[in-house]
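Take a look at the structure below.
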Number of protein chains: 2
Amino acid sequence: MKISEMSKRSGCSIQAIRYYEKEGLITAPARTEGNFRLYGSEEIERLSFINNCRALDLSLSEIKHLLELQSLPSTPCETVNVMIDDHLNVIETRLADLQKLQSSLRKLRPRCNSKRSIDQCGILEALSPNSNHSVSDG
Amino acid sequence: MKISEMSKRSGCSIQAIRYYEKEGLITAPARTEGNFRLYGSEEIERLSFINNCRALDLSLSEIKHLLELQSLPSTPCETVNVMIDDHLNVIETRLADLQKLQSSLRKLRPRCNSKRSIDQCGILEALSPNSNHSVSDG
DNA sequence: TTAAACTCTATAGTAACTATAGAGTCAAGT
DNA sequence: ACTTGACTCTATAGTTACTATAGAGTTTAA
Ligand SMILES: [Zn+2]
Ligand SMILES: [Zn+2]
Ligand SMILES: [Zn+2]
Ligand SMILES: [Zn+2]
């Protein structure tokens, strides 16, 4: 199978597949005489695995680590579990930050209605320093 | 005042200030004989404004637009209000995506406890294709 | 006068790709 | 045999908003 079929079957874009190869997440496949990449059906699994991990926003370096672990089947898997815990923490921190942002924006928005001029815009006023309606205020 | 004091007063890093100048968000200031940037106290306002906008995660291009509008004081401000609405929508979309991620990760995590080997890791199994415990399931 | 602290420009790096250019390959139809 | 279209190749630039660094010059204080 050539790269475009592999792309469809694994869910990874063609460029992503080539990129993963360059980054060492998958090994370079055989080539046709014309230098086209040629994959066997085994490789679908690995690329699909990568794709699943990306869907959880695991970084390529984390995924690489997981792939390395998979080649050591009898190792204890605690590293994996810890990685997911850590990753979840990162996501939750990001989530908390975004929620603060959302809250700030929701407070900011009603400072202005649609019928003012720029120099009377309550939003711009709140964004300006020396304002007692600061963005970061409770 | 030289750049490091401006940095402290505005909350922008020195590199960020130079970057904003290069990107045209602030105009190039006067220079000393020795070629050091020299700012007056007026410029604090503009940089603080930029900093406040960045705290809301507005992009530099959005901020640039806001700064341009500020030089047209009698224009209607609806553009500003719409920008905040749009930006809030972007943030809320991102938030919803992150919440899905969080939920997936929270479901994934308890598939494995600490005492298994890699080839029996419930997390790795769920991340693998052909698994009936897929990451994207319910 | 020399050392510390500051500033300058220019450049590389960040993450994970996407998009593009320019060239070659392959299969089908005429 | 020839051409067309679809596919693939490599290499490179672009994305965002900076941070970090190198190597050089400036300023200030001891
Ligand atoms: Zn992570
Ligand atoms: Zn307004
Ligand atoms: Zn925005
Ligand atoms: Zn496990």
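Residue numbers start from 1 in every chain, and the chains themselves are labelled A, B, ... in the order their sequence lines are given, proteins ahead of strands. None of the values given here were measured: they were computed from a predicted structure.
- One can place CD1 of B:Ile26 at 12 Å from P of D:dC18, the figure rounded to the nearest angstrom.
- Put simply, NZ on A:Lys8 is 13 Å from C1' on D:dT8, counting in whole angstrom units.
- Contact check for B:Cys77 versus A:Leu124: no side-chain heavy atoms found under the 4.5 Å cut-off.
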Evaluation steps, side-chain contact (heavy atoms from CB on, under 4.5 Å), between B:Val90 and B:Asp57: CA-CA 10 Å; B:Val90 170; B:Asp57 203 39; over 6 Å; no
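- For B:Glu92, the CD atom sits in a packed shell: over 12 heavy atoms of surrounding residues, nucleotides or ligands are nearer than 6.0 Å.
- Taking atom OH of residue B:Tyr39 and atom P of nucleotide C:dC6, one finds them 16 Å apart after rounding to whole Å.
- One interatomic measurement links the two molecules: CE of B:Met1 to P of C:dT7, which rounds to 12 Å at whole-angstrom precision.
- Of all non-hydrogen atoms in A:Leu47 and A:Cys12, the two that sit nearest each other are O-SG, 3.5 Å.
- One can place CD of B:Glu23 at 10 Å from P of D:dT16, the figure rounded to the nearest angstrom.
- For the pair A:Leu38 CG and C:dT25 P, the interatomic distance rounds to 16 Å; values are reported in whole Å.
- Distance OG1/A:Thr79 to NE2/A:His65: 5.5 Å, rounded to 0.5 Å.
- In this structure, the CD1 atom of A:Ile17 is 14 Å from the C1' atom of D:dC7, given to the nearest Å.
- OP1 or OP2 of C:dT25 has not a single side-chain nitrogen or oxygen of A:Arg31 nearer than 4.0 Å.
- Defining each end axis of the helix from C:dT1-D:dA30 to C:dT14-D:dA17 as the rotation carrying four pairs' C1' atoms onto the next four, with five pairs an end, the two axes are found to diverge by 10° to 10 degrees.
- Distances shown here put every side-chain N or O of A:Arg37 at or beyond 4.0 Å from the OP1 or OP2 atom of D:dT8.
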Reading 5' to 3' through nucleotides 25-30 of chain D, protein heavy-atom contacts under 4.0 Å coded B for base, S for sugar-phosphate only, - for none: BSS---
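- Atoms CG and NZ, on A:Leu105 and A:Lys107 in that order, are 11.0 Å from each other to the nearest 0.5 Å.
- Counted within 6.0 Å of CD on B:Gln70, heavy atoms from surrounding residues, nucleotides or ligands total more than 12; the atom is thus considered enclosed.
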Base versus backbone protein contacts along nucleotides 15-20 of chain C [heavy-atom cut-off under 4.0 Å; B, S, -]: -BBBB-
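- No side-chain heavy atom of B:Arg37 sits under 4.5 Å from any side-chain heavy atom of B:Lys2.
- Atom OH of B:Tyr20 is separated from atom CZ of B:Arg54 by 5.5 Å, given to the nearest 0.5 angstrom.
- With rounding to whole Å, B:Glu5 atom CD is found 12 Å from C:dC6 atom P.
- A:Leu95 contributes atom CG, which lies 12.0 Å from atom CG of A:Asn89 (distance to the nearest 0.5 angstrom).
- Of all the heavy atoms in B:Glu43 and B:Gly40, the pair that sits closest is CG-O, 2.9 Å.
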